[in-house]
2 protein chains.
Amino acid sequence: MDERQALSSFAALSQETRLQIVRTLVVAGPEGMAAGAIAEKLGVSPSTMSFHLKELDRSGLIGQQRESRSIIYTANYDALAGLIRFLTEDCCAGNPHICTPAAAVACHSPSPVEKKA
Amino acid sequence: MDERQALSSFAALSQETRLQIVRTLVVAGPEGMAAGAIAEKLGVSPSTMSFHLKELDRSGLIGQQRESRSIIYTANYDALAGLIRFLTEDCCAGNPHICTPAAAVACHSPSPVEKKA
DNA sequence: TCCATATTTCCATAATCCTTGAATTATAGA
DNA sequence: TCTATAATTCAAGGATTATGGAAATATGGA
C-alpha cells in the first residue's frame, strides 16, 4: 500500500457513517450486504449511503457487485490488512529500537484475537 | 481505544502533511523534534504547522513539551499501537473465521519487521 | 409494455477543513 | 528593559465534504 492509498483509506475511515459501514460489512462477511440493507441498518438516506459507499469504493476498502436489482457491497479484507500493515510499518519497521513496550505489543505479540480466545 | 478516538485518529492521519509529521516524529524517536524543525523539514509555514500539530495533539497521536523557547513534539507510540489494535480488531476479532488469508497474515503472522530482518 | 424495486446521480445548502498573513504570547540574552 | 527567537492564535478566504430531495438508470416481473 502506497501513501496515496493510505491517505485515502484513512480519510474513508474518518467519517462515522463510513466506519460503521466497514464494520457492518466486515461482520457481514464474504456474502456482503445490499446498499439498501446497510442504509436501513444504519438509518441514513439512500443518497447519503450511496455517497459514502462510493467514497469507500474509491478508497478500495470495499468492493461491489450487482446481484439482480441490488448492488452487494463487501469488505475488502486485503485492503484492510494492507492498511494495518502500513500503519504497523510506520510505527515500528524503520526503527524497532525506539518502540515503546506498548508499540512492541502491537507489532510483535500474538493478536488480541488469540489473547481473547 | 474507543470509536470516537479512532475516528479522530483516522481524520488526523488522512491529511498528507499530518501523516508526514507523524512519520517524521516516529523516526525522530523519543527525543522528538521542535515545531520549527518539522516545519522546515516539511516545507510548510509556521502557522500551518501549528494548525496541524494541534490537530494531531487533540487526537492524541503526538505529545508536546516546552523546552526553552522551543516546543518539542513527540510521537505517541501507545496511541499508534492502540489505533493498530482497533483496526486489527475491527478486521478480525469479531469474526476470525471470515478472515481471508491476507487478513489472517496481518492478524496472526510475525510482523513485517521480523520478516524483513 | 408498464410498473415496482434498488440504487445512483444531480443539485443546492450547510458545515468543516486548509492555508496564509498579521497580531499575540512566551522565553532567553544583552 | 529592549530585542530576537520560537510558537501560537486570530481572522478571512477558498476548497472540500456531507446531507437530503428530486430526477435518472437498471433490473425483474405481470
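Within every chain, numbering begins at 1; the chains are lettered A, B, ... in the order of the sequence lines, protein sequences first and strands thereafter.
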Visitor: If you define the side chain from C-beta out and look only at heavy atoms, does anything of Leu61(A) sit under 4.5 Å from Leu80(A)?
Guide: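 Yes; the side chains approach each other to less than 4.5 Å.
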Visitor: Nearest-Å distance, CG (Leu7(B)) to P (dT16(C))?
Guide: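 After rounding, the reported distance stands at 15 Å.
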Visitor: Looking at dT17(D), I'd like to know if its phosphate oxygens (OP1 or OP2) sit under 4.0 Å from a side-chain N or O belonging to Arg18(A).
Guide: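 False: Arg18(A) side-chain N/O out of range (4.0 Å or more) of dT17(D) OP1/OP2.
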Visitor: Could you state the CZ-P distance from Arg66(A) to dT7(C), rounded to the nearest angstrom?
Guide: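 From Arg66(A) CZ to dT7(C) P: 8 Å.
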Visitor: Which one, dT20(C), dC18(C), dT8(D), comes nearest to the side chain of His52(B)?
Guide: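 Looking only at heavy atoms from C-beta outward on His52(B), the closest nucleotide is dC18(C).
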Visitor: Between atom CD in Glu40(B) and atom P in dA7(D), what is the gap in whole Å?
Guide: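 In whole Å, dA7(D) P and Glu40(B) CD are 10 Å from each other.
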Visitor: Picking from dA22(C), dT9(C), dT8(C), which would you name as closest to the side chain of Ser47(A)?
Guide: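 Nearest listed nucleotide: dT9(C).
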Visitor: OH of Tyr73(B) versus P of dA6(D): gap in Å, rounded?
Guide: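 Rounding to the nearest Å, OH of Tyr73(B) and P of dA6(D) are 15 Å apart.
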Visitor: I'd like to check Lys41(A) versus Met33(A) (side-chain heavy atoms, cut-off strictly below 4.5 Å). Are they in contact?
Guide: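 Result yes, sub-4.5 Å side-chain heavy-atom pair found.
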Visitor: Restricting to non-hydrogen atoms, name the atom on Tyr77(B) and the atom on Gly29(B) that form the minimum distance, rounded to 0.1 Å.
Guide: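 So the two residues come closest at OH-CA, 3.5 Å.
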Visitor: Assuming nearest nucleotide by heavy-atom distance, tell me which of Arg69(B) and Pro46(A) is located more 5' along DNA chain C.
Guide: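 Upstream on the strand: Pro46(A).
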Visitor: Does dT20(C) have its OP1 or OP2 closer than 4.0 Å to a side-chain nitrogen or oxygen of Ser45(B)?
Guide: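 It does, given that an N or O in the side chain of Ser45(B) lies less than 4.0 Å from OP1 or OP2 of dT20(C).
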Visitor: Whole Å only: how far is the CD atom of Gln64(A) from the P atom of dA26(D)?
Guide: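 Atom CD in Gln64(A) sits about 14 Å away from atom P in dA26(D).
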Visitor: Which is more 5' along DNA chain C, the nucleotide nearest Phe51(B) or the one nearest Ser70(A)? Just name the residue.
Guide: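 The answer here is Ser70(A).
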Visitor: Kindly say if Ser50(B) contacts the phosphate of dT8(D), meaning a side-chain N or O under 4.0 Å from OP1 or OP2.
Guide: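 Yes, Ser50(B) has a side-chain N/O under 4.0 Å of OP1/OP2 on dT8(D).
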Visitor: Remember a base hit wins even if backbone is also touched, and classify Ser68(B) as base, sugar-phosphate or nothing at under 4.0 Å, heavy atoms.
Guide: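 Touches sugar-phosphate only.
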Visitor: Rounded to whole Å, please give me the gap between CG in Leu53(A) and P in dA6(C).
Guide: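 Rounding to the nearest Å, CG of Leu53(A) and P of dA6(C) are 16 Å apart.
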Visitor: Given atom CD of Glu67(B) and atom C1' of dA26(C), what is their separation to the nearest angstrom?
Guide: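 Interatomic distance, CD of Glu67(B) to C1' of dA26(C): 15 Å.
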Visitor: Does Ala34(B) reach a base, just sugar-phosphate, or nothing at all? Heavy atoms under 4.0 Å.
Guide: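 Ala34(B): backbone/sugar contact only, no base atoms under 4.0 Å.
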Visitor: In this structure, how many angstroms lie between the P atom of dA6(D) and the CD1 atom of Ile38(B), rounded?
Guide: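 My rounded result for the distance is 14 Å.
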Visitor: Looking only at non-hydrogen atoms, find the nearest pair between Ser9(A) and Met1(A) and report the distance.
Guide: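 Looks like OG-SD, 4.3 Å.
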Visitor: As an exercise, state the distance from CG of Leu87(A) to CZ of Phe10(B), rounded to the nearest 0.5 Å.
Guide: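 Reported to 0.5 Å precision, the distance equals 7.5 Å.
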Visitor: Using a heavy-atom cut-off of 4.0 Å across all strands, would you classify Gln15(B) as base, sugar-phosphate, or nothing?
Guide: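 Sugar-phosphate, backbone atoms only, no base.
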